[in-house]
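Worksheet: one structure, shown below.
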Amino acid sequence: MSIYVIDDHPLMRDAIVMVLRRLRPAENIVELDRLDKLAGSVAQRGAPTLFCLDLKLPDTNGVSGVVAVKQVYPNVPIAVYSAAPAADMEDACIEAGADTYIEKSASSAELAAALRGLLMAGSEEADEPALASNSKLSKRQTQLIAMLDKGMSNRDIATDLEISEHTVKVHLWRLFRRLGVKSRTQALHYARTNGLLSSGN
């Protein structure tokens, strides 16, 4: 079993690998600079447990890399990272099959938190601590809390944001993990208790 880091920029690849080695010291981590090397590498190095995929590779276009990986490995989580702002590409990547989107401008702590969430997703005992009150939610997460406060359903949210219900569910899953809660009710209670809802909502 291996984690695959696919990025044609050595410095960024090294940064991702360094964080992964802190999170999973015993895990086998495979580094690739092109997507077309993946199949041969999996045959040699073992089945994937996580993909860390640069959105812009020499042999991909747009979200084609995410689509290609998801088609072959539908049950393996994918963390996509990119220099593009989340507002520009996050929804498209999640629609294509990514589980999380990380901006390359993110701090090492933010990167570690995102990757830890995916690595721990299959572990029932791995409840993350709740978000510290002084930590920041993403713009999308703040938007979702406001929508939950209005009592909007997943379908309502999807229509309002012009995204699919699947993407809404992924965003909510990430929000709940970020807050350390398991339901809409708990998320709203946490948001109100910790001042995450603006007075205008």
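FYI, side chains are in, hydrogens and waters are out, and symmetry mates aren't considered; it's all heavy atoms of this structure. One-based numbering along the sequence shown.
- Annotation: the span from Ile157 atom CD1 to Ile163 atom CD1 amounts to 8.0 Å, rounded to 0.5 Å.
- Qualifying side-chain hydrogen bond (donor to acceptor under 3.5 Å, both in side chains) partners for Tyr81, counting only residues two or more places apart in sequence or in other chains: Asp7.
- With Thr159 contributing its side chain and Arg155 its backbone, the two residues share a donor-acceptor pair below 3.5 Å.
- Atom CG of Asn61 has 12 or fewer neighbouring heavy atoms from other residues, nucleotides or ligands inside a 6.0 Å radius.
- Of the inter-residue distances, the one linking Ile145 atom CD1 with Arg184 atom CZ reads 12.0 Å to the nearest 0.5 angstrom.
- Follow the hydrophobic side-chain contacts under 4.5 Å out from Leu32 and you never reach Val17; the two are in separate clusters.
- In the hydrophobic cluster analysis, where Ile, Leu, Val, Met, Phe, Trp and Tyr join through side-chain heavy atoms closer than 4.5 angstrom, Val69 is grouped together with Met89.
- Glu103 and Ser82 form no side-chain donor-acceptor contact under 3.5 Å, judged by distance and modelled atom types alone.
- Evaluation of the salt bridge (charged side-chain N to carboxylate O under 4.0 Å, His left out) test over residues 35-46, restricted to residues two or more places apart or in two chains, returns Asp33-Lys37, Arg34-Asp36.
- Under the 4.5 Å side-chain heavy-atom criterion for Ile, Leu, Val, Met, Phe, Trp and Tyr, Val170 and Leu172 are members of distinct hydrophobic clusters.
- In this structure, Leu50 is not a member of the same hydrophobic cluster as Val72, with clusters built from ILVMFWY side-chain heavy atoms closer than 4.5 Å.
- The CG atom of Leu175 lies 9.0 Å from the CG atom of Leu196; values are rounded to the nearest 0.5 Å.
- Across all their heavy atoms, Ser108 and Val19 have their closest contact at O-CG2, 4.4 Å.
- A donor-acceptor pair under 3.5 Å is formed between the side chain of Asp99 and the backbone N or O of Ile78.
- Every side-chain hydrogen bond (donor to acceptor under 3.5 Å, both in side chains) that Asp91 has, sequence neighbours left out, goes to Arg140, His171.
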Side chain to side chain contact (heavy atoms under 4.5 Å, CB included), that's the test. Do Phe51 and Val66 meet it? Break it down for me.
CA-CA 10 Å; Phe51 290 108; Val66 183; over 6 Å; no

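- Sorted by first and then second residue, the pairs that involve residues 18-32 and meet salt bridge (charged side-chain N to carboxylate O under 4.0 Å, His left out), not counting sequence neighbours, are Arg13-Glu31, Arg24-Glu27.
- Atom-to-atom distance recorded for Thr142:OG1 and Leu197:CG is 9.5 Å, nearest 0.5 angstrom.
- Within 6.0 Å of the NE2 atom in His189, the count of heavy atoms belonging to other residues, nucleotides or ligands does not exceed 12.
- Residue Ala15 comes nearest to Leu111 through the heavy atom pair O-CD2, 4.4 Å, listed as atom of the first residue, atom of the second, then distance.
- When every heavy atom of Leu55 is checked against every heavy atom of Cys93, the shortest pair comes out as CD1-SG, 3.7 Å.
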Evaluate Val5 against Val30 for side chain to side chain contact (heavy atoms under 4.5 Å, CB included), listing each step before the verdict.
CA-CA 6 Å; Val5 180; Val30 181; over 6 Å; no

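- Checked against side-chain hydrogen bond (donor to acceptor under 3.5 Å, both in side chains), Asp156 has the following partners two or more places apart in sequence or in another chain: Ser153.
- At a threshold of 4.5 Å between non-hydrogen side-chain atoms, the residues Met12 and Asp54 do not count as touching.
- At a threshold of 4.5 Å between side-chain heavy atoms, the hydrophobic network of Ile, Leu, Val, Met, Phe, Trp and Tyr places Tyr4 and Ile29 in two separate groups.
- For Ala96 against Val67, the heavy-atom pair with the smallest separation is CB-CG2, 3.8 Å.
- At least one side-chain heavy atom of Leu53 sits less than 4.5 Å from a side-chain heavy atom of Leu57.
- Phe176 is not listed as a side-chain neighbour of Gln186, based on a closest heavy-atom distance of 4.5 Å or more.
- Under the 3.5 Å distance criterion, the side-chain polar atoms of Glu110 are left unmatched by any main-chain donor or acceptor of Ala106.
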Can you check salt bridge (Lys or Arg N to Asp or Glu O under 4.0 Å) on Asp8 and Lys56, steps first, answer last?
CA-CA 9 Å; Asp8 61 325; Lys56 190 175 182 180; over 6 Å; no

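- Taking the side chain as every heavy atom from C-beta outward, Leu148 and Gln143 never approach each other to under 4.5 Å.
- The side chain to side chain contact (heavy atoms under 4.5 Å, CB included) search around Ala68 returns Leu35, not counting sequence neighbours.
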When you look at Arg192 and Leu188, which way does the side chain to side chain contact (heavy atoms under 4.5 Å, CB included) test go after all the steps?
CA-CA 6 Å; Arg192 289 172 181 140; Leu188 282 171; 3.9 Å; yes

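- For the residue pair Ile102 and Ala79, the shortest heavy atom distance occurs at CD1-CB, 4.4 Å.
- Scanning all heavy atoms of the two residues, the minimum distance from Gly65 to Thr60 falls at CA-CG2, 3.7 Å.
- For the side-chain contact (heavy atoms from CB on, under 4.5 Å) with Cys52, the lone residue among Leu20, Ile6, Val80 that qualifies is Leu20.
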Can you list the steps and then say if Arg177 with Arg116 is a side chain to side chain contact (heavy atoms under 4.5 Å, CB included)?
CA-CA 11 Å; Arg177 286 192 68 84; Arg116 186 186 299 112; over 6 Å; no

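- You'll find the side chain of Ile94 reaches within 4.5 Å of the side chain of Arg174, heavy atoms only.
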